[in-house]
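First the structure, in the form of structure tokens, and then the observations on it.
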Amino acid sequence: MTFVNEERKNRDLLITIDGPAASGKSSLSRSLAGKLGWKWLSTGVFYRGLAYLALLRKVDTEREIASLIDKENWSVCLNEERTSFIYNEKDITPEVYTEAVDVLASRLAGFPLVRKTLRPFQRGCFEQNRQGLVAEGRDCGTVVFPNASLKIYLTAEDNIRAARRAHQRGSLPVDHVITLQKQRDIQDISRADSPLRPPEGAFIIDAGDCSFEEMVEKAYRKSRELF
Ligand code: DC
């Protein structure tokens with residue numbers, strides 16, 4: 001018993017949630033962070049913010065884009081509910097959730113130099129929030145935080161995800177969203193560096209099997225077994 005309690009006490013208060021685009025990772029991880037009273041990190045914001053900067057500076061090679069990470073004045077700010085992208089001291093988060101940014105973010109996420117250069121910033125988010133962090137993305141459990149205490153992988157069928165994304169972005173036609181989503185899935189799954197896949201030992205949740213509330217409850221119950 002003492003051993004079990006000791007093990008519990010020594011665990012990093014860190015949960016990762018990975019899965020494909022529009023599977024509901026952000027909503028799930030945000031709710032879970034809220035229930036646990038932990039901070040929430042959406043690692044996609046790093047790729048989105050960098051894509052925004054690349055569009056602004058009109059650069060598009062791997063080296064030029066990666067060099068913006070050191071050159072530009074940006075930061076990522078987090079709390080229980082929001083991961084914000086700050087550029088020149090201004091919160092520009094809404095501007096990194098556009099279709100143009102989606103497309104470029106997906107492309108630059110395939111650049112190994114970009115991933116490698118962003119990784120220490122992503123890891124730094126846990127160093128600054130060791131009192132509890134839920135991090136979501138594509139490679140959080142496999143590459144960014146391989147020692148996370150709980151790794152969740154969220155799956156959902158294509159049409160469920162496309163309907164979610166179409167709804168999030170106003171009245172986009174679902175067919176158009178499915179086409180873009182398929183391209184993004186291929187890029188996420190087939191990139192050589194940190195491809196999207198379930199981490200070893202992941203707790204898998206299928207968003208098609210349960211309501212959102214049930215999904216949060218499953219993740220919360222699993223967390224309470226550990227923390
Ligand atoms: O989750 P999102 O849609 O905000 O992610 C934006 C882009 O960044 C998407 O193309 C996938 C990529 N991404 C990634 O490659 N690795 C992560 N850990 C998070 C996001």
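For ligands, and for the atoms within them, numbers begin at 1 and follow the listed sequence. Here, residue 1 is the first one in the sequence, and each next residue gets the next number.
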Given V96, T117, I69, the one that forms side chain to side chain contact (heavy atoms under 4.5 Å, CB included) with L50: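 That would be I69; it is the only one of V96, T117, I69 passing the side chain to side chain contact (heavy atoms under 4.5 Å, CB included) with L50.
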Qualifying residue, where the test is side chain to side chain contact (heavy atoms under 4.5 Å, CB included) with Q181 and the options are D158, D102, I186: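 Answer after filtering D158, D102, I186: D158.
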I'd like to check whether [X] has a polar contact with ligand 1, where a contact means an N/O of the residue lying under 3.5 Å from an N/O of the ligand.
X    : result
R184 : no
K25  : no
R191 : yes

Below a 4.0 angstrom heavy-atom separation, can you tell me which part of V144, side chain or backbone, both or neither, approaches ligand 1? neither
Tell me which protein heavy atom sits closest to [atom], plus the residue, atom name and distance to 0.1 Å.
atom                    : value
atom 8 (O) of ligand 1  : Y47 CB, 3.4 Å
atom 10 (O) of ligand 1 : S106 CA, 3.2 Å
atom 7 (C) of ligand 1  : A105 CB, 4.0 Å
atom 19 (C) of ligand 1 : T43 OG1, 3.4 Å
atom 5 (O) of ligand 1  : G44 CA, 3.6 Å

Tell me whether the centres of the aromatic rings in W74 and Y52 are closer together than 6.0 Å.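 W74 vs Y52: aromatic centres not under 6.0 Å.
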When you measure from the heavy atoms of R115 to every atom of ligand 1, does any distance fall below 4.0 Å? yes
Residues [X] and [Y] bridged, charged N to O under 4.0 Å:
X    : Y    : value
E213 : K218 : no
R82  : D91  : yes
D188 : R138 : yes
K116 : D193 : no
D18  : K151 : no

Using a strict cut-off of 4.0 Å, indicate which atoms of ligand 1 neighbour a heavy atom of [X].
X    : result
G137 : 18 (N), 19 (C)
D139 : 16 (N), 17 (C), 18 (N)
D188 : 11 (C)
A109 : 12 (C), 15 (O)

R48, Q187, R165: member with heavy atom nearest to atom 6 (C) of ligand 1: R48
Closest to atom 14 (C) of ligand 1 by heavy-atom distance, out of R138, Q122, E136, is R138
Would you check if there is a donor-acceptor pair between the side chains of E64 and T61 at a distance under 3.5 Å? yes
S26 versus E136, side-chain donor and acceptor atoms under 3.5 Å: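 Yes, S26 and E136 have a side-chain donor paired with an acceptor closer than 3.5 Å.
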